[in-house]
Every structure is written in C-alpha cells, then in structure tokens.
Amino acid sequence: MHLTQETGTVVRTYGRFLLREVFVYQGERLRHSALLQITLLPTSGNEITIAYLSTRADAVNAVKERVHVWLMEQSCQIEKTRRWLQETSDQDIVAKFQSLLDLWEPCYQEVAQALSELEELSFSEDA
C-alpha cells in the first residue's frame with residue numbers, strides 16, 4: 001500500500017510564510033500527523049513549498065533556519081545550472097537550463113525577500 005500526503009489548514013503565519021498541518025496516510029489509515037509544511041505565499045501567485053518541520057520545533061527559529069537552508073540549496077543549484085549553461089553548446093539543453101533558471105531565480109528572490117522581511121519583523125518585535 002502506498003503513502004499519500006494531504007495538507008491541512010494554516011496553523012500559524014510568520015510574515016508571508018505559512019505553516020500548514022500535514023497528514024500522511026497509508027491507504028485510509030492516518031500514519032503521521034506531527035509535521036508542518038512551510039510554504040511561502042508569493043506576490044506572484046502559487047505557493048512555494050520550502051520544507052517540513054516537526055510540530056515540536058521552536059517554530060519561528062525553525063522556520064528561519066529551514067528557509068536559510070533552502071536558500072543555500074537553491075543558490076547552489078542555480079550556480080551549477082549557470083555553469084552548465086555556459087559549458088554547453090547544444091541549443092536544446094541551453095533552452096532547458098534557461099527555463100529552469102527562469103523558474104528558480106524569481107522563487108529564490110521572493111523567498112529571500114520574505115525571509116528578510118521576517119527577520120526585520122522579528123528584530124523590531126525584540127526591540
């Protein structure tokens with residue numbers, strides 16, 4: 001039997017980041033419900049899924065940490081793709097790499113901006 005996942009309601013928001021309940025089912029049976037999904041509601045439309053957290057995590061700090069990790073991973077992937085783009089002369093591959101960059105770079109910028117806003121908000125609340 002295979003596993004399926006459903007996201008539930010938003011249980012918390014931090015800036016533009018949303019924490020949603022996650023339910024994992026094996027068939028009809030609920031197997032795990034101690035997960036939260038971090039997503040970003042960008043100004044451009046569809047939500048961007050960032051990561052998953054345990055419901056036991058210190059939420060705002062865990063969100064910031066997971067978003068930082070996501071940004072580092074995305075930055076590495078974008079840089080690798082740029083390098084591959086420069087190293088190939090096959091126009092089909094160039095077009096595919098460029099379409100990936102056209103998708104990834106705006107997402108990266110949007111998430112970085114939202115994290116900056118969250119950190120500014122957290123700093124002003126601490127002051």
Side-chain angles (χ1 to χ4, degrees):
M1 183 142 321
H2 70 283
L3 298 176
T4 57
Q5 170 185 307
E6 290 180 17
T7 53
T9 60
V10 173
V11 294
R12 208 170 247 172
T13 59
Y14 296 106
R16 290 191 286 148
F17 294 100
L18 310 174
L19 291 182
R20 294 185 185 279
E21 296 176 299
V22 176
F23 302 105
V24 178
Y25 294 90
Q26 185 173 16
E28 296 294 316
R29 187 172 164 201
L30 180 63
R31 299 297 295 175
H32 195 278
S33 63
L35 289 174
L36 297 173
Q37 180 186 63
I38 305 170
T39 59
L40 173 69
L41 186 56
T43 57
S44 59
N46 297 335
E47 288 184 10
I48 301 168
T49 300
I50 306 293
Y52 294 87
L53 291 176
S54 165
T55 55
R56 295 177 208 92
D58 175 25
V60 72
N61 289 331
V63 167
K64 289 178 186 179
E65 180 181 320
R66 288 301 298 138
V67 172
H68 277 290
V69 169
W70 186 91
L71 286 169
M72 288 188 311
E73 291 169 347
Q74 287 299 113
S75 178
C76 288
Q77 190 62 45
I78 288 169
E79 287 307 312
K80 284 181 195 174
T81 305
R82 284 182 184 150
R83 212 171 324 117
W84 294 333
L85 189 61
Q86 293 173 352
E87 294 172 357
T88 188
S89 58
D90 183 318
Q91 291 306 306
D92 289 336
I93 293 174
V94 167
K96 289 177 183 177
F97 284 161
Q98 189 58 55
S99 68
L100 289 172
L101 289 174
D102 291 346
L103 177 68
W104 293 340
E105 289 175 325
C107 288
Y108 177 89
Q109 292 167 355
E110 184 94 31
V111 172
Q113 178 62 38
L115 179 60
S116 177
E117 292 166 6
L118 178 60
E119 288 178 336
E120 287 175 17
L121 179 63
S122 297
F123 180 74
S124 66
E125 287 177 353
D126 290 340

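- Rounding to the nearest 0.5 Å places OH of Tyr25 at 5.0 Å from CD of Glu6.
- Hydrophobic clustering keeps Leu41 apart from Leu121 (ILVMFWY residues linked when any side-chain heavy atoms are closer than 4.5 Å, directly or through intermediates).
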Q. Yes or no on side-chain hydrogen bond (donor to acceptor under 3.5 Å, both in side chains) for Gln98 and Asp102, after CA distance, side-chain angles and deciding distance?
A. CA-CA 6 Å; Gln98 189 58 55; Asp102 291 346; 2.9 Å; yes
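- Each of Val60 and Val69 belongs to its own hydrophobic cluster when Ile, Leu, Val, Met, Phe, Trp and Tyr are linked at side-chain heavy-atom distances under 4.5 angstrom.
- Interatomic distance, Thr49 OG1 to Trp70 CH2, rounded to the nearest 0.5 Å: 10.0 Å.
- Applying the side chain to side chain contact (heavy atoms under 4.5 Å, CB included) criterion to Ser99, with sequence neighbours excluded, gives no partner residue.
- Follow the hydrophobic side-chain contacts under 4.5 Å out from Met72 and you never reach Tyr52; the two are in separate clusters.
- Val22 and Val10 are not part of a single hydrophobic cluster, where members link through side-chain heavy atoms under 4.5 Å apart.
- Within the model, atoms CZ of Arg29 and CG of Leu3 stand 11.5 Å from one another, a figure rounded to the nearest 0.5 Å.
- Heavy-atom minimum distance, Ala59 versus Tyr14: CB-OH, 2.9 Å.
- Under the rule for a salt bridge (charged side-chain N to carboxylate O under 4.0 Å, His left out), the partners of Glu105 that lie at least two apart in sequence or sit in another chain are Arg82.
- The side-chain heavy atoms of Leu19 and Ile38, taken from C-beta on, include a pair separated by under 4.5 Å.
- Hydrophobic clustering (ILVMFWY, side-chain heavy atoms < 4.5 Å, transitive): Ile78 and Leu100 are in one cluster.
- The distance from atom CZ of Arg20 to atom CD of Glu47, rounded to the nearest 0.5 Å, is 4.0 Å.
- Considering CG of Leu53 and CG of Leu36, their distance stands at 6.0 Å, rounded to 0.5 Å.
- Thr43 is listed as a side-chain neighbour of Arg16, based on a closest heavy-atom distance under 4.5 Å.
- Put simply, CG on Leu40 and CG on Leu18 are 7.5 Å apart, with the number rounded to the nearest 0.5 Å.
- Glu120 has its side chain out of reach of Glu117: every pair of non-hydrogen atoms, C-beta onward, lies at least 4.5 Å apart.
- Annotation for Tyr108 and Leu71: closest pair CE1-O, 3.2 Å, computed over non-hydrogen atoms.
- Nearest approach of Leu101 to Pro106, heavy atoms of both residues: O-CD, 3.9 Å.
- Listed by chain and number, the residues in a side-chain hydrogen bond (donor to acceptor under 3.5 Å, both in side chains) with Glu21 are Thr9 (sequence neighbours excluded).
- A side-chain donor-acceptor contact under 3.5 Å links Thr81 to the backbone of Gln77.
- No side-chain heavy atom of Phe17 sits less than 4.5 Å from a side-chain heavy atom of Arg66.
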